[in-house]
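See structure below.
As the structure is a computational prediction, the values presented were derived from the model and not from experiment.
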Amino acid sequence: MKIKMKDGSMREASFEEELGRNAFRHTTAHILAQAVKRLYPDTKCAIGPSIADGFYYDFDFTFRFSEENFAEIEAEMKKIVKENLQLRHFTLDRNRAMQAMEEREEPYKIELIQDLPEEEISFYQQGEYLEMCAGPHVAYTSAIKAFKLLSVAGAYWRGDEKNKMLTRVYGTSFPKEEMLAEHLNRLEEAKKRDHRKLGKELGIFALLDEGPGFPFFLPKGMVLKNILIDYWRKLHAREGYVEIATPVMLERKLWETSGHWDHYRDNMYTTVIDGADFAIKPMSCPGGMLVYQMEPRSYREFPMRISELGLIHRNEKSGTLHGLMRVRCCTQDDAHIFMTPEQIQDEIKGVVRLIDEVYSHFGFRYHVELSTRPENAIGSDADWEMATNGLRNALDDLKLPYVVNEGDGAFYGPKIDFHLEDSIGRTWQCGTIQLDFQLPQRFEAEYIGEDGNKHRPIMIHRVVFGSIERFIGILIEHFAGKFPLWIAPVQIKVLPISDKYIDHAKGIMRALQQEGLRCEMDGRDEKIGYKIRTAQLEKIPYMLIVGEKETETDSVSVRKREEGDLGRMGVSQLLDMLRAEGI
RNA sequence: GCUGGAAUAGCGCAGUCGGUAGCGCAACUGAUUCGUAAUCAGUAGGUCGAGGGUUCGAGUCCCUUUUCCAGCUCCA
């Protein structure tokens, strides 16, 4: 494909390359806008970029727009493609650009021009349609062979909730019909992995009207949660952490000292006890500080790694809740590390390695972001710079690629975030490492240094899972509910062929339970095919079929979730096989 | 929180023009005793999310509200 760049030059790029794909989708967005203007000339256009899997365009319609309008627009878009319009690129100086947009009565474009620094403003024109746009674009509209409008939603003008809400139309496009069909199919498949659907089907968790955003963990979910916690405790003991638990609810004065009462008030649940204000903790750090403060501390204790599985509550806005991924109450696998300035680099690196070990263990791919000072920050510029550099240097030392998120840090310090992907490619922050100079200062924390003088410790907040709830959500989608043996809530189901073999089946089940395996039996009066079907739908890793032959020879027929029938074997042979897989 | 959509049996869904709620699976009972993804028959199950209104009559129309879904904003 030929691509027309902003500077007027032409480049060759295929759809497989980001440049080509973005130009392709971006051009489709222009075709959408052109069709909309033809059909509903009073509509005002805002912006229409390409995104990961397609494109969108924000419009200000004069009527109630809905998906029912899609057919009409898609028909008009097809016409525009067929007309094979050339995309002409040119620039206008600020005055003429302004004039052109005023003539066309495009108030959003005018606002954009006012904020643009350039003197020469880039435009693309296709047929009668003129768009102020930095491009790049494909050369002719006929390149867009396959496209589809997907959904419509509200979006604030310039992403600011104080601004007017516009109507965003999402769509996608491909050079071939088959590619579009394949993409739509993939979206359907992804929906089947949705942790909210699977979490319900597999009996892992529930969200009820009585507790919006407060998940109920069902027996199988609790098994999963406890396995993750066991794994986590083992790792942290190995890494030299000590574990504490601090109260869920603490007095207002503590939150005033920590700064949360001023900076996090809207998100905290509060109550009154004996006339005093209390807040349910939205994070565990202030409680952790109190533990640090209980005794005089020495540099000899450093680095002091104190972990806590903290049950935290945050009053998240109703519209932001999302299954287990975004909840109002969750368990953070928190830890606070107190140290000397010299220990910063090594400690951060240690935590990064730990997080990498855990994510790799589950087979996750992740990306790292460094978030810098936000607007509502507390603390001096110098502290922020030192803290930010500390994180940056550690990442550079480890040669870990990362993107910088300007202004996205916590109010008390910068952070490194680890993001994991869900089934449809949305990413969720899980692990985070935050360097904090503020809290030790606010609590006037101290330690006695080698020189015998008092010093202020440096503090790291860090989580590996992030929230265990969110991590479980990611796990469900990552494995599509087919958990590996070691975390499967039910590892084995024994299926007697008829009730004549129930006694033998029960014996097998008990023997495996004695070995610490999570094992159930399906003793219903059903045919074996039906029991297998049920167990497969429950996504249980191993099924043991027990009938006449097995009872006579004291064996089991093993069926594996993915591979099917593995043949007959004795229980000890089965155990060897399971141990080799990891249980 | 904002914009738009949705809510009917445990789950997945149908319900026409406003006329007294149905299907499949699951559950339960009985028959069946079976070899790697659904045996057959029967039974029971619903203040149609909640509250108000219009009407002779509301699952259906109107208002309020709760929750969920998509996106925005915000965030682990």
Considering only atom [atom1], compute the distance from [N] to [M] and round it to an integer number of Å.
| N | M | atom1 | answer |
| --- | --- | --- | --- |
| B:A37 | B:C75 | C1' | 42 Å |
| B:G5 | B:C48 | P | 24 Å |
| B:C72 | B:G59 | P | 38 Å |

For RNA chain B, the dot-bracket pattern of Watson-Crick and G-U pairs whose distances stay under 3.5 Å, | for other-strand partners: (((((((..((((.....[..)))).(((((.......))))).....(((((..]....))))))))))))....
Using a 4.0 Å heavy-atom cut-off, does [X] contact any base of the nucleic acid, only the sugar-phosphate backbone, or nothing at all?
| X | answer |
| --- | --- |
| A:Lys164 | nothing |
| A:Arg196 | sugar-phosphate |
| A:His461 | nothing |
| A:Tyr56 | nothing |
| A:Arg168 | sugar-phosphate |
| A:Glu469 | nothing |
| A:Arg158 | nothing |
| A:Lys531 | nothing |
| A:Gln429 | sugar-phosphate |
| A:Ser467 | base |

Please enumerate all protein N or O atoms sitting under 3.5 Å from an N or O of nucleotides 59-64 of chain B, with distances to 0.1 Å.
none

Counterpart residues, side chain to side chain contact (heavy atoms under 4.5 Å, CB included), relative to [X] (two or more places apart):
| X | result |
| --- | --- |
| A:Ser258 | A:Trp255, A:His260, A:Pro286, A:Leu439, A:Phe443 |
| A:Asp554 | A:His504 |
| A:Asn405 | A:Glu369, A:Ser371, A:Asp408 |
| A:Pro219 | none |

Under 3.5 Å, which protein N or O atoms sit close to an N or O of nucleotides 36-39 of chain B? Give each pair with its distance.
unit_1, atom_1, unit_2, atom_2, d
B:U36, O2', A:Arg559, NH1, 3.2
B:U36, O2, A:Arg559, NH1, 3.3
B:A37, N6, A:Gln536, NE2, 3.1
B:A38, N7, A:Arg533, NE, 3.4
B:A38, N7, A:Arg533, NH1, 3.0
B:A38, N6, A:Arg533, NH2, 2.5
B:A38, N1, A:Arg533, NH2, 3.0
B:U39, O4', A:Lys527, NZ, 3.4

Exam field: side chain A:Thr320 to backbone A:Glu316, donor-acceptor pair closer than 3.5 Å: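 Flag not set: sc A:Thr320 to bb A:Glu316 has no pair under 3.5 Å.
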Heavy atoms from other residues, nucleotides or ligands near CD of A:Glu375 exceed 12 (cutoff 6.0 Å): no
Position toward the 5' end of RNA chain B (nearest nucleotide), A:Gly159 or A:His322: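 Its nearest nucleotide being more 5', the pick is A:His322.
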Donor-acceptor contacts, no H, no angles, side chain residues 243-250 of chain A, under 3.5 Å, sequence neighbours left out:
unit_1, atom_1, unit_2, atom_2, d
A:Glu243, OE1, A:Arg233, NE, 2.7
A:Glu243, OE2, A:Arg233, NE, 3.3
A:Glu243, OE2, A:Arg233, NH2, 2.8
A:Thr246, OG1, A:Lys281, NZ, 3.2
A:Thr246, OG1, A:Glu308, OE1, 3.2
A:Thr246, OG1, A:Glu308, OE2, 2.8

Donor-acceptor pair (no angle test) under 3.5 Å: A:Arg326 side chain, B:C74 base: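 Donor-acceptor pair under 3.5 Å: yes.
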Side-chain donor/acceptor contact of A:Asp209 with base of B:U66 under 3.5 Å: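 Not at all, since no donor on one side and acceptor on the other fall under 3.5 Å apart.
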Any A:His419 side-chain N or O less than 4.0 Å from OP1/OP2 of B:A76: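 So the side-chain polar atoms of A:His419 never come under 4.0 Å of the phosphate oxygens OP1 or OP2 of B:A76.
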B:C34 phosphate, OP1 or OP2, under 4.0 Å from A:Lys500 side-chain N/O: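 It does, given that an N or O in the side chain of A:Lys500 lies less than 4.0 Å from OP1 or OP2 of B:C34.
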Can you give me the N/O atom pairs linking the protein to nucleotides 2-4 of chain B at distances under 3.5 Å, or say none if there are none?
unit_1, atom_1, unit_2, atom_2, d
B:C2, O4', A:Tyr156, OH, 3.4
B:C2, O2, A:Tyr156, OH, 3.3

Test side chain to side chain donor-acceptor pair (under 3.5 Å) applied to A:Thr388 - qualifying residues, sequence neighbours left out: none
Contacts of type side chain to side chain donor-acceptor pair (under 3.5 Å), residue A:Lys493, not counting sequence neighbours: A:Glu538
Salt-bridge criterion met for A:Asp160 and A:Arg158 (N-O under 4.0 Å):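 No, this pair does not count.
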Spacing between [X] atom [atom1] and [N] atom [atom2], to the nearest angstrom:
| X | N | atom1 | atom2 | answer |
| --- | --- | --- | --- | --- |
| A:Ile47 | B:G71 | CD1 | P | 17 Å |
| A:Glu375 | B:C75 | CD | P | 11 Å |
| A:Met325 | B:A70 | CE | C1' | 16 Å |

For the residue pair [Y] / [X], report whether a side-chain donor-acceptor contact shorter than 3.5 Å exists.
| X | Y | result |
| --- | --- | --- |
| A:Ser151 | A:Arg168 | no |
| A:Ser284 | A:Gln332 | no |
| A:Asp356 | A:Tyr366 | yes |

Option from A:His478, A:His322, A:His367 for which ring pair (Phe, Tyr, Trp, His ring centres under 6.0 Å) with A:Trp428 holds: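 Of all the options given, the one that passes is A:His322.
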Nucleotide nearest A:Pro212 (side chain, heavy atoms from C-beta), chosen from B:A76, B:U67, B:C72: B:U67
Distance-only check: which donor-acceptor pairs under 3.5 Å involve side-chain atoms of residues 459-467 of chain A, not counting sequence neighbours?
unit_1, atom_1, unit_2, atom_2, d
A:His461, ND1, A:His336, NE2, 3.3
A:His461, NE2, A:Asp436, OD2, 2.7
A:Arg462, NH1, A:His236, NE2, 2.9
A:Arg462, NH1, A:Tyr241, OH, 3.3
A:Arg462, NH2, A:His236, NE2, 3.2
A:Arg462, NH2, A:Asp333, O, 3.0
A:Ser467, OG, A:Glu469, N, 3.4
A:Ser467, OG, A:Arg470, N, 2.8

A:Arg305 and A:Glu347: CA distance, side-chain angles, deciding distance, salt bridge (Lys or Arg N to Asp or Glu O under 4.0 Å) verdict: CA-CA 10 Å; A:Arg305 309 187 183 104; A:Glu347 282 306 303; 2.8 Å; yes
